[in-house]
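A short worksheet on the structure shown next.
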Amino acid sequence: MATPLPSTATLTTPPSSHAAMRTNLANLRAYLAGLLGADGETATALATLGAPMARYRTEAAATTVAVTDRGTFFSCTGIWALTLPSAAAAGAGWCIVVAASGGASITLTPAGSDLIAGLAAYDINAQRAVIVICTGTGWRILRFLPQTLAAKTILGNNAASAGEARELTAADVLAMLPVVTALGAGLAPATGGVAGAFLRSDGTWTADNLVLMDATQTIAGTKRFSPLGAFVLQPRAADPASPESGQLWQDGTHLKAYINGAVRVLDGQADIPMLVPPAGQYVMTTLGAGGTALEVAAGIANSIDLYPYVPRADLAVAALAVNCVTAVAGAQGKFVVYWSDANGQPAALAVESGTVDLSSTGVKEAVMTGLNLRAGATYWLGFRHSSTASISRWPVTATPCINGGAPSTAARKILRRTRTFGTAAASTWGFNAAEINAASAPAIWLKL
């Protein structure tokens, strides 16, 4: 039993004899020796008080920690369990340090139903150290990072549940990281030994779309370029001596193709010259030839007159315009533009303008937004009348003839349909050969 601390009265009241005084001093020394050690050394005092890491001990086999081992640094080797004292007996604040040296793996086992870090047992992996602290009812853990790591090592936990961090192998890391998919980022999967393959966006490897243009090859299947990509032909010094049908090349001046036994130039030249005017000026929607004066014709109430037009250059259209020759009070008009289908017939509605006022003469414009016409494509331009105001019309020789129907002694120039002016244009035209008409096309200008 430890010597109790003598009371203040015992040490301050004059003793009845020298023997009593010596007894009181001996009891005080015994108490201090029990608290701080008998040799008066600082190290002994710290170890006796249980200061953390004041004592060092090596262990190589399963052992049980005593309450009196408070503050001890346990350096452990091997694979075994270190049993802790009862948390109630150790008391809050009691602590030790446990290090797993070398290739050791130490399992800390609490006494009874005590828990350590909320677990029934706690593993300390090799080259790791922890401070074990008593709460009075259980145990807490303060982890240390390892002093050194092997080269190219990642410290982590690849287990399915929470656990001690450890040095992960490359295989451990690969098992944790996802493989790239069409929906998310990740690691590139193994190629499976496919030489020259490339990784698709769905996370699979393929050689099907890998086109190497540095040698003569026959490439099967459809090949696609990304929106940011470009296909570039380097210029040749001269045309190939014996080109294959379908072969493409460029000579620094022209893009050429060998088709149907002849070399053809593919450099965007139009059959009829096309001058693209500056912004704010107008393009005539005609074939581009002929010098006959424009015609004039009265409008037909609730009619739509439609005719084909092929731009010979890409055109960004700011407005559509007609010229009102004879005004009618309250008369209005609208522009329509339809796309064409594979047969050149009007198909889906591209745009219908707002109304233009035909109650006065002169040029009437409707502002367009996002109307971009592509060179070489067929568009159907049209004008709608609410009344009988007269507008300028192209000469019959200035617009294409519309094929279909039975032979006629008059060239057919427009499609004419009746539709109530206040009703929106049909979203899809729906070609009807009976609507082919010999009247001249409305003169529609494109303002750039």
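All residue numbers refer to positions in the sequence shown, counting from 1.
- Side-chain N or O atoms of Asn302 include one that pairs as donor or acceptor with a backbone N or O of Phe421 at under 3.5 Å.
- Heavy atoms of other residues, nucleotides or ligands lying less than 6.0 angstrom from CZ of Arg419 number more than 12.
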Could you go through the side chain to side chain contact (heavy atoms under 4.5 Å, CB included) check for Leu306 and Trp429 one step at a time? CA-CA 10 Å; Leu306 212 61; Trp429 180 264; 3.7 Å; yes
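- For the atom pair CE (Met368) and CG (Leu446), the distance works out to 10.5 Å, reported to the nearest 0.5 Å.
- Among the candidates Val97, Leu142, Leu108, the single residue satisfying the side-chain contact (heavy atoms from CB on, under 4.5 Å) test with Val132 is Leu108.
- Considering only heavy atoms from C-beta on, Trp94 comes within 4.5 Å of Pro85 through its side chain.
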For Leu358 and Gln332, run side chain to side chain contact (heavy atoms under 4.5 Å, CB included): C-alpha distance rounded to whole Å, both residues' side-chain angles, the deciding distance at 0.1 Å, then the answer. CA-CA 5 Å; Leu358 301 181; Gln332 293 181 321; 5.7 Å; no
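- The distance from the CG atom of Leu448 to the OH atom of Tyr282 is 10.0 Å, given to the nearest 0.5 Å.
- Note that OG1 of Thr285 is 5.5 Å distant from CG of Leu381, once rounded to the nearest 0.5 Å.
- The 12-atom threshold is not exceeded at CH2 of Trp339, counting heavy atoms of other residues, nucleotides or ligands nearer than 6.0 Å.
- Here the OH-OH distance, from Tyr309 to Tyr379, works out to 10.0 Å after rounding to the nearest 0.5 Å.
- Formation of a donor-acceptor pair under 3.5 Å by the Arg128 side chain with backbone atoms of Ser105 is not found in this model.
- Counting heavy atoms from C-beta on, the side chains of Leu82 and Thr63 come closer than 4.5 Å.
- Under the 3.5 Å distance criterion, the side-chain polar atoms of Trp380 are matched with a main-chain donor or acceptor of Gly344.
- Tyr307 is not listed as a side-chain neighbour of Phe383, based on a closest heavy-atom distance of 4.5 Å or more.
- Using a 4.0 Å cut-off between a side-chain N of Lys or Arg and a carboxylate O of Asp or Glu, Arg416 and Asp305 qualify as a salt bridge.
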Kindly indicate, with the supporting measurements, whether the criterion side chain to side chain contact (heavy atoms under 4.5 Å, CB included) is fulfilled by Thr77 and Thr58. CA-CA 8 Å; Thr77 58; Thr58 61; over 6 Å; no
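- Atoms CZ and CZ, from Arg417 and Arg384 in turn, are 10.5 Å apart once rounded to the nearest 0.5 Å.
- Residues Phe74 and Val65 are in side-chain contact: their nearest non-hydrogen atoms beyond the backbone lie under 4.5 Å apart.
- In this structure, Phe335 and Val356 have side chains that are in contact, with non-hydrogen atoms separated by less than 4.5 Å.
- Here CD of Glu59 is found 9.5 Å from CD1 of Ile106. Values are rounded to the nearest 0.5 Å.
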Going through the checks in order, is the side chain to side chain contact (heavy atoms under 4.5 Å, CB included) test met by Met274 and Leu315? CA-CA 11 Å; Met274 174 67 176; Leu315 303 174; 4.2 Å; yes
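- Side-chain contact between Lys334 and Thr355 is present, with heavy atoms from C-beta onward closer than 4.5 Å.
- Across every non-hydrogen atom of Asp341 and Asn343, the tightest pair is OD1-N, 2.9 Å.
- No side-chain heavy atom of Leu320 sits under 4.5 Å from any side-chain heavy atom of Ser353.
- Atom CG of Leu168 has more than 12 neighbouring heavy atoms from other residues, nucleotides or ligands inside a 6.0 Å radius.
- Side-chain atoms of Val322 and Pro442, non-hydrogen and from C-beta on, never get closer than 4.5 Å to each other.
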